[in-house]
Trainee: 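Supplied in structure tokens, the structure appears directly below.
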There are 2 protein chains.
Amino acid sequence: MMLMAAKTKRTERRTDALSKQRIVDAAIEILDADGESALTFRALAACLATGAGAIYWHVADKNDLLAATTNDVIARVMTDVVGEAEPRDAIRAIALGMFDAIDAHPWVGAQLSREPWQFAVLQIFEGVGGQLQALGVPERAQFDCASALVNYVLGLAGQYAAGARLLARDTDRSAFLATVAARWVQLDPAEYPFVHRVAAQLSEHDDREQFLAGVDLILAGIETVG
Amino acid sequence: MMLMAAKTKRTERRTDALSKQRIVDAAIEILDADGESALTFRALAACLATGAGAIYWHVADKNDLLAATTNDVIARVMTDVVGEAEPRDAIRAIALGMFDAIDAHPWVGAQLSREPWQFAVLQIFEGVGGQLQALGVPERAQFDCASALVNYVLGLAGQYAAGARLLARDTDRSAFLATVAARWVQLDPAEYPFVHRVAAQLSEHDDREQFLAGVDLILAGIETVG
DNA sequence: ACCTGAACACCGTTCAAGT
DNA sequence: ACCTGAACACCGTTCAAGT
């Protein structure tokens with residue numbers, strides 16, 4: 001849409017050539033607007049005013065397309081996040097950048113946890129791991145520490161994507177959490193004492209704060225090996 | 001297969017009635033043998049010697065089927081794992097039980113990270129959270145701590161499932177890791193210094209040990225809030 | 001070189017019809 | 001009540017044919 005702003009007059013014909021970047025942009029628009037299930041090659045082709053097969057000239061398959069859209073979003077996060085001097089703050093900034101990106105584009109969360117070998121995850125791994133030296137973590141422990149942080153972030157990614165998939169577009173999150181909490185309370189307290197106990201906190205908790213608390217927990221653990 | 005052991009003579013006709021449990025057992029067999037993509041209603045129906053539509057009498061849809069198979073596997077893990085007196089050991093046992101279950105059934109990892117609101121995740125949450133009181137974690141911090149641990153486990157779950165999906169059935173994991181490490185080394189060391197540094201450790205590291213190291217890291221962090 | 005769109009080989013799901 | 005299997009409405013992907 002933003003790419004067509006310059007020539008808004010003619011909608012009946014596409015005048016500019018196809019490119020991988022234009023395809024990725026259109027795919028992101030569809031994913032953001034209507035979710036993962038709305039991204040089909042047919043819908044994408046219609047949006048780009050072309051045939052479904054044309055997309056295959058620029059993109060290998062659907063996996064490639066999803067990897068490209070995810071890389072696009074994550075690369076933006078990682079470049080936006082530079083400039084924290086303190087390593088601890090830098091890691092927190094990366095984590096929060098990830099959270100906000102997944103909050104804005106829940107499908108990114110699904111894709112990250114589904115294909116963790118893709119380039120996007122490597123960028124997160126580098127961003128987090130690069131701070132560990134400055135944090136005083138011994139060389140041989142750095143791999144485990146970076147892995148723990150990235151695993152944690154990917155765990156949230158999947159969880160958040162699932163939540164977004166479940167939520168109707170206009171259902172607000174607090175109503176949904178209230179429903180879950182109500183279900184938790186109905187469980188047998190003898191068998192599920194812990195879930196019973198925290199059910200009250202569920203509806204009033206803040207996902208972003210809880211996520212950051214987890215990052216801080218892992219950072220505190222990392223400090224003990226330093 | 002194990003259910004047919006008693007009457008192995010006749011294969012041309014199914015004699016016993018369908019049930020949700022029989023469907024779930026057959027689905028697990030298919031998933032274990034040939035992976036997530038092999039589980040279709042047609043394949044499942046053929047395996048059960050029935051029509052595709054019959055399955056819908058016992059199972060709401062494919063989501064329901066996958067949730068049921070996952071619950072089955074996780075419930076087995078959680079009952080096998082009871083009996084550790086020390087809360088720290090209990091949490092480690094649950095985590096390792098999860099790791100081994102996902103290692104044996106990689107599709108469980110995908111399902112857990114895709115649908116974290118399902119009952120299976122609640123069981124993990126209870127199992128982990130129930131130990132925090134004994135660990136001396138203050139009430140108001142328990143929710144965040146349990147959430148961090150579960151998020152971390154779900155992160156691994158997705159990663160492991162993706163690895164299994166990528167690996168050919170007979171390709172061994174070390175060969176795969178060597179390939180990834182080779183790719184990492186080829187990256188620009190100026191832009192990816194950390195990834196470059198740990199590439200050597202990638203091919204010789206043990207996933208299970210690294211996973212447990214992460215659990216210990218989080219446990220160490222949890223102790224600092226106690 | 002790049003695009004078109006019909007065709008192919010699948011899916012999950014439904015439903016009239018059977019027992 | 002439970003099962004059957006053809007039919008429906010989709011998919012991703014391919015490919016001969018166009019420009």
Side-chain angles (χ1 to χ4, degrees), chain A residues 3-4 10-28 30-31 33-70 107 110-111 114-115 118 162 165-166, chain B residues 3-4 10-28 30-31 33-70 107 110-111 114-115 118 162 165-166:
Chain A
L3 286 173
M4 295 182 186
R10 30 181 53 253
T11 52
E12 74 279 5
R13 269 279 196 157
R14 178 175 52 76
T15 54
D16 37 357
L18 223 46
S19 71
K20 181 148 183 176
Q21 188 57 51
R22 282 199 62 229
I23 292 170
V24 168
D25 289 341
I28 290 177
I30 292 174
L31 288 164
D34 299 308
E36 301 162 59
S37 63
L39 183 66
T40 69
F41 276 79
R42 274 166 250 264
L44 191 53
C47 176
L48 290 163
T50 183
I55 297 166
Y56 282 90
W57 189 263
H58 302 273
V59 155
D61 52 23
K62 193 161 188 185
N63 261 334
D64 184 27
L65 176 62
L66 283 170
T69 57
T70 305
W107 52 271
Q111 181 57 18
R114 197 181 300 134
E115 297 292 342
Q118 64 195 334
R165 214 178 298 126
L166 221 62
Chain B
L3 285 173
M4 295 181 187
R10 29 182 54 253
T11 51
E12 73 279 6
R13 269 279 196 156
R14 177 174 52 76
T15 55
D16 38 357
L18 224 47
S19 71
K20 179 148 184 178
Q21 188 58 51
R22 283 199 61 229
I23 293 170
V24 167
D25 289 341
I28 290 176
I30 293 174
L31 288 164
D34 300 308
E36 301 161 61
S37 63
L39 182 66
T40 67
F41 277 79
R42 273 167 250 264
L44 191 54
C47 175
L48 290 165
T50 183
I55 296 166
Y56 282 90
W57 188 264
H58 302 274
V59 155
D61 52 22
K62 194 161 189 184
N63 262 333
D64 183 27
L65 176 61
L66 283 170
T69 58
T70 305
W107 52 271
Q111 181 57 18
R114 197 181 300 132
E115 297 291 341
Q118 64 195 335
R165 214 178 299 125
L166 220 62

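Lettering follows sequence order; numbering is per chain, from 1.
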Trainee: Nearest whole angstrom, please: distance from the C1' of C:dC10 to the NZ of A:Lys62.
Mentor: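 So the two atoms are 15 Å apart, to the nearest Å.
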Trainee: Base, sugar-phosphate alone, or nothing: which one does A:Ala45 contact when heavy atoms must sit under 4.0 Å apart?
Mentor: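 Answer is nothing: A:Ala45 stays at 4.0 Å or more from every strand.
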Trainee: Under 4.0 Å between a side-chain nitrogen and a carboxylate oxygen: does that hold for B:Asp64 and B:Lys20?
Mentor: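 Salt bridge flag = yes for B:Lys20 with B:Asp64.
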Trainee: Considering non-hydrogen atoms only, spot the tightest contact between A:Tyr56 and A:Asp61 and give its length.
Mentor: CE2-CA, 4.1 Å
Trainee: Side-chain N or O of A:Trp57 versus OP1/OP2 of C:dC2: is the shortest distance under 4.0 Å?
Mentor: yes
Trainee: OH of A:Tyr56 versus C1' of D:dC11: gap in Å, rounded?
Mentor: 10 Å
Trainee: Whole angstrom is fine here: how far is it from CD1 in A:Ile55 over to P in C:dC3?
Mentor: 11 Å
Trainee: Would you say A:Arg22 and A:His58 make side-chain contact, with heavy atoms under 4.5 Å?
Mentor: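 Side chain of A:Arg22 against side chain of A:His58, heavy atoms only: no contact under 4.5 Å found.
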Trainee: Do you know which two heavy atoms are closest between A:Ile55 and A:Ala45, and how far apart they sit?
Mentor: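 Answer, listing the atom of A:Ile55 first, then A:Ala45: CD1-N, 3.8 Å.
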Trainee: What is the distance, rounded to the nearest whole Å, between atom CG of A:Asp61 and atom C1' of C:dC10?
Mentor: 16 Å
Trainee: Could you state the CZ-P distance from B:Phe41 to D:dA6, rounded to the nearest angstrom?
Mentor: 18 Å
Trainee: Please map the stems of DNA chain C, keeping only stretches of three or more Watson-Crick or G-U wobble pairs with both distances under 3.5 angstrom.
Mentor: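 When the pairs of DNA chain C are grouped into runs of at least three, the stems are C:4-8 with D:12-16, C:12-16 with D:4-8.
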Trainee: Without decimals, in angstroms, what is the distance between A:Leu44 CG and D:dG12 P?
Mentor: 10 Å
Trainee: Looking at every strand, decide which applies to A:Leu65 at a 4.0 Å heavy-atom threshold: base, sugar-phosphate, or nothing.
Mentor: nothing
Trainee: Under 3.5 Å, is there a donor-acceptor pair between the side chain of A:Glu115 and the main chain of A:Ala110?
Mentor: no
Trainee: Return the minimal non-hydrogen interatomic distance between A:Ala26 and A:Leu48, and the atom names on each side.
Mentor: CB-CD2, 3.8 Å
Trainee: Rounded to whole angstrom units, what separation is found between the CG atom of B:Leu48 and the P atom of D:dC2?
Mentor: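 Whole-Å distance recorded here is 16 Å.
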Trainee: Take atom CZ of B:Arg42 and atom C1' of C:dT14, then tell me their distance rounded to the nearest Å.
Mentor: 12 Å
Trainee: Any heavy-atom pair between the side chains of B:Leu39 and B:Asp34 that's under 4.5 Å?
Mentor: no
